[in-house]
S.K.: 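Mind having a look at this structure? Questions to follow.
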Amino acid sequence: MKRLYVLMLAVMVALAGCGTLETARIKNVTVLDSDAQETAAENGSDNAAASGDDITSGAGTGDETITAADVSGNDDDITTEAASGTGDSAMAAAGTGGETTTETTSGPADETSSGTAAVDTSPEESEPDTITINLKAVGDDLIHSGFYNIGEARGSDYTFMFENVSDVIQEADIAIINQETMFVYDKTKYSGYPTFGSPTGIGDALIAAGFDVVQLATNHSLDKGLTGISDTVDYFSDKDVLAIGIYTDEESASEIPLLEVAGVTFAFLNYTYGTNGIAMPNAYCVNTFSDENKVRDDIRRAKELADIVVVLPHWGTEYTYTPDSFQKKWTQIFLEEGVDIVIGTHPHVVQPYEMLTGEDGHQMLVYYSLGNFISWQSKMERMLGGMADITITITVEDGTISYDYDLVPLVTYIHSGTATTTYFLSDYDKTDHTYGATKENMTELFEKIINWEM
């Protein structure tokens, strides 16, 4: 577990004589800067890179890649009038999303409550000491013009988009969102489909909702050229979040994004399949899958620096419910290189999730697509999204990791062009959705998808 043994020993020494550390949600995550990364690299310099063993259980070996034409799809944009009305709100509550599945790399480990990070140093306890970290992730924050028509009419207030899920997001130790569209400071550059430009008020709202990691490498990263890249990077530069996948300089692009929670270091890597045919103005502004050797090298460097490596790929064929050959190819590469968690976005619909095991016994959790978190696309099935809910339990004594994982269904509510927000499906009771999304048909669709029946 790289540096984990040293870190946990330090924690246990510090707590000696104090009994059990009081369990409380750890939300003060630490983004590691360049100096901290150099220190981490020195501490981890004795660790070997991933070996890339053959795979006996994986997601296929298709060598086909998907071109921009294959996946460009149609992010239907619905024009609406500015309105000050709000979508009906409900008290946020965690969705159930079906049964939780547990996978363990080496024997069982005690769990603390979700969203806590605790170390038990009580000598009379027979069970091993553990650290428990909860990670949640949602899919595409796809900002069509309807959203900024409403938000700007409210004085650049976009909290309505997150108001029914923010309580649960804030309970996570790490919360991730895919910001599909770039921010622009110039209001005259606001636009919806097909070349998106979004208000920075969206960023204010997602940060207030509790997100810690914002992935930005998408097929829309270059919709506004380098202006969109520079404005978005500048916006996040003084925010206490980890914004990844796009860069304004080569040095920043070469760093491995790291985040530390409860003494455990996570690396987050974000890549997109392409940029809708828009030529890259330089080699570093957007992370892409164009160079397999570079991606493999990034993963190997991440494994030297971090205890857990998470890859956030923007991939797949739009509006399809199962992974395509491009996703399968890269899933195998990630498994070969020893990635721990893969959380995919881009298809705008939910795809299944599963735990894969390599020949060496290494386990990798894969969510192929979380679908849209929120959008104004004009199809009922694109209103369904999912929240990955992963509880990671680390046994301090031997460094083994176990996972409790689930996919909690979400639904975007749109009504008459004046009300829109996202609910947990378990809380959703609307019968007047513009595109006909009801609790019953969304539940049926979700169950078919996660059971590989679509």
S.K.: Using side-chain heavy atoms (C-beta onward) and a distance below 4.5 Å, is Asp223 in contact with Ile278?
M.R.: yes
S.K.: Using side-chain contact (heavy atoms from CB on, under 4.5 Å), reason through Glu359 and Leu335 one step at a time and then give a plain yes or no.
M.R.: CA-CA 10 Å; Glu359 190 175 65; Leu335 188 56; over 6 Å; no
S.K.: For Ser325 and Gln327, which I'm curious about, is there any donor-acceptor pair between the side chains at under 3.5 Å?
M.R.: no
S.K.: Judged by atom type as modelled, is there a donor-acceptor pair below 3.5 Å linking the side chain of Thr275 to the main-chain atoms of Ser221?
M.R.: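 Side chain of Thr275 to backbone of Ser221, a donor-acceptor pair under 3.5 Å: no, none is there.
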S.K.: Is the side chain of Thr434 donor-acceptor paired with the backbone N or O of Ser416 at a distance under 3.5 Å, no angle test?
M.R.: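 Checking the backbone N and O of Ser416 against the side chain of Thr434, a donor-acceptor pair under 3.5 Å is found.
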S.K.: With a 4.5 Å cut-off on side-chain heavy atoms, are Met364 and Phe334 touching?
M.R.: yes
S.K.: Do His433 and Tyr413 have side chains that get closer than 4.5 Å, going by heavy atoms?
M.R.: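 Yes, side chains in contact.
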S.K.: Just checking, is any N or O donor in the side chain of Glu453 or Tyr321 under 3.5 Å from an acceptor N or O on the other one?
M.R.: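 There is no such pair between these side chains.
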S.K.: To check you understand the geometry: which heavy-atom pair defines the closest contact between Val168 and Lys136, and what is its length?
M.R.: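 Result for this residue pair: CG1-CE, 3.5 Å.
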S.K.: If we ignore hydrogens and angles and just use 3.5 Å, is the side chain of His144 paired with the main-chain N or O of Trp376 as donor and acceptor?
M.R.: yes
S.K.: Thr232 and Lys224: side-chain donor and acceptor closer than 3.5 Å?
M.R.: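 The answer is no; no qualifying pair exists.
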S.K.: Can a donor-acceptor pair be found, under 3.5 Å and without considering hydrogens, that links the side chain of His362 to the backbone of Gly338?
M.R.: yes
S.K.: Looking at side-chain heavy atoms only, is the closest gap between Val214 and Phe236 below 4.5 Å?
M.R.: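 Contact flag for Val214/Phe236 side chains = yes.
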S.K.: Could you grab the distance from atom CZ of Phe446 to atom CG of Asn451, nearest 0.5 Å is fine?
M.R.: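 Answer for the CZ-CG pair, Phe446 versus Asn451, is 9.0 Å.
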S.K.: Working to the nearest 0.5 angstrom, can you tell me the gap between Thr218 OG1 and Ile246 CD1?
M.R.: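 Taking OG1 in Thr218 and CD1 in Ile246, the distance rounds to 8.5 Å.
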S.K.: Taking Asn178 for its side chain and Thr345 for its backbone only, find out whether a donor-acceptor pair lies under 3.5 Å.
M.R.: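 Side chain of Asn178 to backbone of Thr345: no pair is present.
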S.K.: Just by distance, do the side chain of Asn270 and the backbone of Leu312 share a donor-acceptor pair under 3.5 Å?
M.R.: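 Yes, because the side chain of Asn270 sits within donor-acceptor range (under 3.5 Å) of the backbone of Leu312.
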S.K.: Hey, are the side chains of Tyr235 and Asp204 touching, using non-hydrogen atoms and a 4.5 Å cut-off?
M.R.: yes
S.K.: Please determine whether the number of non-hydrogen atoms from other residues, nucleotides or ligands lying under 6.0 Å from atom NZ of Lys448 exceeds 12.
M.R.: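 No.
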S.K.: Would you find a donor on one side and an acceptor on the other, under 3.5 Å apart, between the side chain of Asp141 and the backbone of Phe373?
M.R.: no
S.K.: Ignoring hydrogens, what is the shortest heavy-atom contact between Leu370 and Ala137? Give both atom names and the distance.
M.R.: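 Nearest pair, atom of Leu370 first, then Ala137: CD1-O, 3.5 Å.
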S.K.: Parallel, tilted or perpendicular: which fits the ring planes of Tyr273 and His314, with parallel below 30° and perpendicular above 60°?
M.R.: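 Parallel: the ring planes of Tyr273 and His314 meet at under 30°.
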S.K.: Which atom pair, heavy atoms only, marks the closest approach of Trp452 to Pro352?
M.R.: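 Closest heavy-atom pair between Trp452 and Pro352: CE2-CB, 3.3 Å.
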S.K.: State whether the side chain of Asn441 and the backbone N or O of Gly436 hold a donor-acceptor pair below 3.5 Å, judged by distance alone.
M.R.: yes
S.K.: Quick check: are there more than 12 heavy atoms from other residues, nucleotides or ligands sitting under 6.0 Å from NZ of Lys189?
M.R.: no
S.K.: Should Arg296 and Glu336 be marked as a salt bridge (charged side-chain N to carboxylate O under 4.0 Å, His left out) after you check the CA-CA gap, both sets of side-chain angles, and the distance that decides it?
M.R.: CA-CA 9 Å; Arg296 286 183 183 270; Glu336 288 173 356; 3.0 Å; yes
S.K.: I need the minimum non-hydrogen distance between Tyr367 and Tyr405, along with the two atoms involved.
M.R.: OH-CB, 3.5 Å
S.K.: Going by the side chain to side chain donor-acceptor pair (under 3.5 Å) test, name the single residue among Asp406, Asp404, Asn134 that passes it with Thr391.
M.R.: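 Testing Thr391 for a side chain to side chain donor-acceptor pair (under 3.5 Å) against Asp406, Asp404, Asn134 leaves exactly one candidate, Asn134.
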S.K.: Do Tyr158 and Glu152 have side-chain N/O donor and acceptor atoms under 3.5 Å apart?
M.R.: yes
